[in-house]
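Computed from heavy atoms alone, side chains included, the values below leave out hydrogens, waters and symmetry copies. Residue numbers count from 1 along this sequence. Start at 1 and go down the list; that is how both ligands and their atoms are numbered.
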Amino acid sequence: MCGIVGYIGNNKAVPYLLNGLHKLEYRGYDSAGIAVAENGKIKVTKSAGRIANLEKKLQEKEPYTADVGIGHTRWATHGEPSDVNSHPHSSAGEKFCLVHNGIIENFQSLKASLEKEGVIFLSQTDTETAVALLEKNYSGDVILALSKTMKQLEGSFALAIICEDEPEKIFCARRSSPLVMGKSDEGNFIASDVTAMLKYTNNVYKLGDDEIAVVTKDSIDFYNINCKKLKKESEQISWSIEDAEKGGYDHFMLKEIMEQPKAVAETVLPRIKNRKEIVLDTVKLSEEELKNIDKIYIVACGSAYHVGVIGKYILEKMTRISAEADIASEFRYRNPILDEKKLVVIISQSGETADTLAALRLAKENGAKTLSIVNVVGSSIANESEAVLYTYAGPEIAVATTKAYSAQLSVIYLLSAFIAAKLGKLDKEGLEAFISDLENMPGQIQAVLESSFDEMEKLADLFLETEHAYFIGRNLDYAGAMEASLKMKEISYLHSEAYGAGELKHGTISLIEPKTVVVALCCNDEIFAKTISNIKEVRARGAAVIAVTTEKHKNEILDVDFVVSVPDARAELLPSLEVIPMQLLSYYTAKKRGCDIDKPRNLAKSVTVE
Ligand code: F6R
């Protein structure tokens, strides 16, 4: 959420800043801005709207020649998306200029006391208080002023700062909002997300909580909040620049949909040994500890929460440990029962989602065992969990998740079978059969992609004549319906809802009328017949129905507008297959409705605010 970039080197900074901002635009696109230190002065250009607006403004100006600068792309929290609320923000004396990700929670009290001292604020942002405070705390030593400022700030921040008195440096600080630094032959970079610098380097330093970095052309130095110098090693990131580019596709979302067989294969296959054992090295829970666990909570937000709902069904079914899925923003405020007998599984693509991170911290504080499923290596959630199982989906750029979702699901399968085997709920033959089905999954996903690609493009026409869609299903199909519905609404702006198929007649069925589209997921054998009855109920009220089922059932569904089929598979693994046509359907609906698929309105990737 919001993107930060910075460059310092021997070349002109602006092209690097703009390139970085384009790479980060998926994190927020309400406004963008840059600041450079040029001839002893800080110069700022910023604009509401997309980066293209900023580029236009820059073209109308005398080109900046500076070799140091910072940039920001914003997802508005405090104050509307306007020129004045855009970052960077300057201090009143114009000595400091900074960009900020996160939320300064005590900004109102800080602002009030600064105003009493005569500071005049120009914007409605929380960020401006940080830069004002920095100037107030400054008496010739920027690191000291920054340290004092950090101690006064509450909430989360990643800050990149330039100072008129030391124009050959970029100063950085962070608390609970990511910031990385990288050295390259073309100069040194800072960014909120490694994708902004992958073109130049994949060797990065990660700034820790309450740490400061000072970046020059030739060096990167680190300090703690008390200004004590720290030693830090760089880390090699396995992602490449190609991973973060469209590679010939019209949209990142489509590219990422097509990358799912690879994401699942890379997440699953290295964890299978000799086709008979699941190896999860990082999960150190002994058999005894597993036996002691009386409840598993799976906590996440959005699509990751939908993975959690699927996980609840599968973990409970396979391990016979009671499992519950929770939305992180609810979990953290509902005083959940947590102790050493609870296992809290946290799911997050970014590893930085504020509510999910807070839920993890709550679980740890209360003695629960924690395990996270995360895509971004070294992210806050990964760092703070007792055990982490990475998904190897590569960078996900489209705001709407697809490949990370599929990779998360595949970790749920691995984890469920791993625990079930350890607890003796899955015998040797059962485990081998499960593993064999897991190994087939990337190929089956590929087959669904191929069979449904053109079909979904045509089917999307059905959604052009309606403003309402319902996705229904039971059990695992219901969890799948939740994800299918979210995908549809978030990128196509079509109103859609997910319902347990049996629940519809308890109220919602009154909304069904001719032309309402109902997508019925009915892959699950055990309750297939029940869902068919529910399809008949909506059909009788005139709804257009698309049924999604398995090969073996496809000829049993009559009197619907269209049947989408996926290969037959083990019930637990079907969510990974049925989601594929649903992603494509949403994609093509959004495309036909002329929506901005990769950057849907009001959304941003990596939600680092509550
Ligand atoms: C929807 C989507 C979001 C995320 C949610 C959690 O397509 O992408 O609902 O799943 O914001 O994000 P992470 O997984 O980064 O914690």
Side-chain angles (χ1 to χ4, degrees), residues 1-2 26-28 75 101 176-178 192-193 195 251-254 256-257 260 263 267 298-311 325-332 345-361 372-385 388-391 393-409 411-412 471 479-480 482-493 496 498 579 582-587 589-590 595-610:
M1 198 159 261
C2 302
Y26 72 112
R27 296 181 67 104
W75 186 83
N101 284 0
S176 296
S177 193
S192 49
D193 180 330
T195 48
H251 298 97
F252 278 108
M253 184 177 177
L254 188 57
E256 289 162 6
I257 288 174
Q260 289 178 108
T267 301
I298 314 170
V299 188
C301 299
S303 293
Y305 163 71
H306 299 154
V307 173
V309 179
I310 293 171
D326 262 274
I327 295 170
S329 52
E330 292 294 316
F331 180 80
R332 59 184 294 201
V345 178
I346 296 284
I347 308 178
S348 175
Q349 186 283 128
S350 61
E352 302 293 347
T353 302
D355 283 311
T356 314
L357 179 59
L360 167 68
R361 289 179 178 158
S372 65
I373 299 172
V374 177
N375 195 43
V376 178
V377 175
S379 53
S380 304
I381 290 176
N383 285 344
E384 293 187 29
S385 314
V388 50
L389 288 169
Y390 282 111
T391 46
E396 193 176 61
I397 310 293
V399 165
T401 182
T402 52
K403 63 175 179 172
Y405 173 89
S406 286
Q408 288 162 354
L409 269 184
V411 176
I412 287 290
F471 289 78
M482 291 163 88
E483 176 58 9
S485 168
L486 178 62
K487 259 333 47 107
M488 181 59 86
K489 74 179 99 179
E490 70 180 328
I491 61 166
S492 75
Y493 314 148
S496 87
V579 73
M582 298 295 93
Q583 294 167 342
L584 287 167
L585 190 61
S586 306
Y587 172 80
T589 305
C595 300
D596 190 346
I597 295 177
D598 285 337
K599 301 187 195 80
R601 69 181 175 214
N602 305 337
L603 293 176
K605 197 98 179 151
S606 189
V607 184
T608 48
V609 296
E610 270 198 52

Under the side chain to side chain contact (heavy atoms under 4.5 Å, CB included) rule, what do Leu584 and Ile257 come out as? Steps first, then yes or no, please.
CA-CA 8 Å; Leu584 287 167; Ile257 288 174; 3.9 Å; yes
Apply side chain to side chain donor-acceptor pair (under 3.5 Å) to the pair Glu483 and Ser303, showing each step before the final yes or no.
CA-CA 6 Å; Glu483 176 58 9; Ser303 293; 2.8 Å; yes
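In the vicinity of Ser350, heavy-atom distances shorter than 4.0 Å reach the ligand 1 atoms 13 (P), 15 (O), 16 (O). For ligand 1, the atoms closer than 4.0 angstrom to any heavy atom of Val399 are 8 (O). Ligand 1 places these atoms under 4.0 Å from at least one heavy atom of Ala400: 7 (O). Near Ala304, the atoms of ligand 1 lying under 4.0 angstrom from a non-hydrogen atom of the residue are 10 (O), 14 (O). Taking every non-hydrogen atom of Gln349 and a distance limit under 4.0 Å, the qualifying atoms of ligand 1 come out as 13 (P), 14 (O), 15 (O), 16 (O). Near Lys487, meaning under 4.0 Å from one of its heavy atoms, ligand 1 places the atoms 1 (C), 7 (O). Interface atoms of ligand 1 facing Glu490, defined by a heavy-atom separation under 4.0 Å, are 1 (C), 7 (O). Annotation for ligand 1: atoms under 4.0 Å from non-hydrogen atoms of Ser348 are 13 (P), 14 (O), 15 (O), 16 (O).
Neither side chain, Gln408 nor Thr391, offers a donor N or O lying under 3.5 Å from an acceptor on the other. Checked by atom type, the side-chain pair Gln583/Thr402 shows no donor-acceptor distance below 3.5 Å. No hydrogens or angles considered: a donor-acceptor pair under 3.5 Å links the side chains of Ser496 and Ser485. For Ser385 and Ser372, the side-chain atoms include at least one donor-acceptor pair closer than 3.5 Å.
For atom 16 (O) of ligand 1, the closest heavy atom belonging to the protein is Thr353 OG1, 2.5 Å. Atom 6 (C) of ligand 1 has Cys301 O, 3.3 Å as its closest protein atom, hydrogens excluded (heavy atom only). Among all non-hydrogen protein atoms, the one lying nearest atom 11 (O) of ligand 1 is Val607 CG2, 4.1 Å.
In terms of modelled atom types and a separation under 3.5 Å, the side chain of Glu396 and the main chain of Lys403 share a donor-acceptor contact.
Here's the thing with Thr356: none of its N/O atoms is less than 3.5 angstrom from an N/O atom of ligand 1.
Considering Val411, Leu389, Thr356, Ile412 in turn, Ile412 is the only one that fulfils the side chain to side chain contact (heavy atoms under 4.5 Å, CB included) rule with Ile347.
Counting only non-hydrogen atoms, the option in Ser586, Ala328, Ser303 that gets closest to atom 4 (C) of ligand 1 is Ser303.
Rounded to the nearest 0.5 angstrom, Thr589 OG1 and Tyr493 OH are separated by 13.5 Å.
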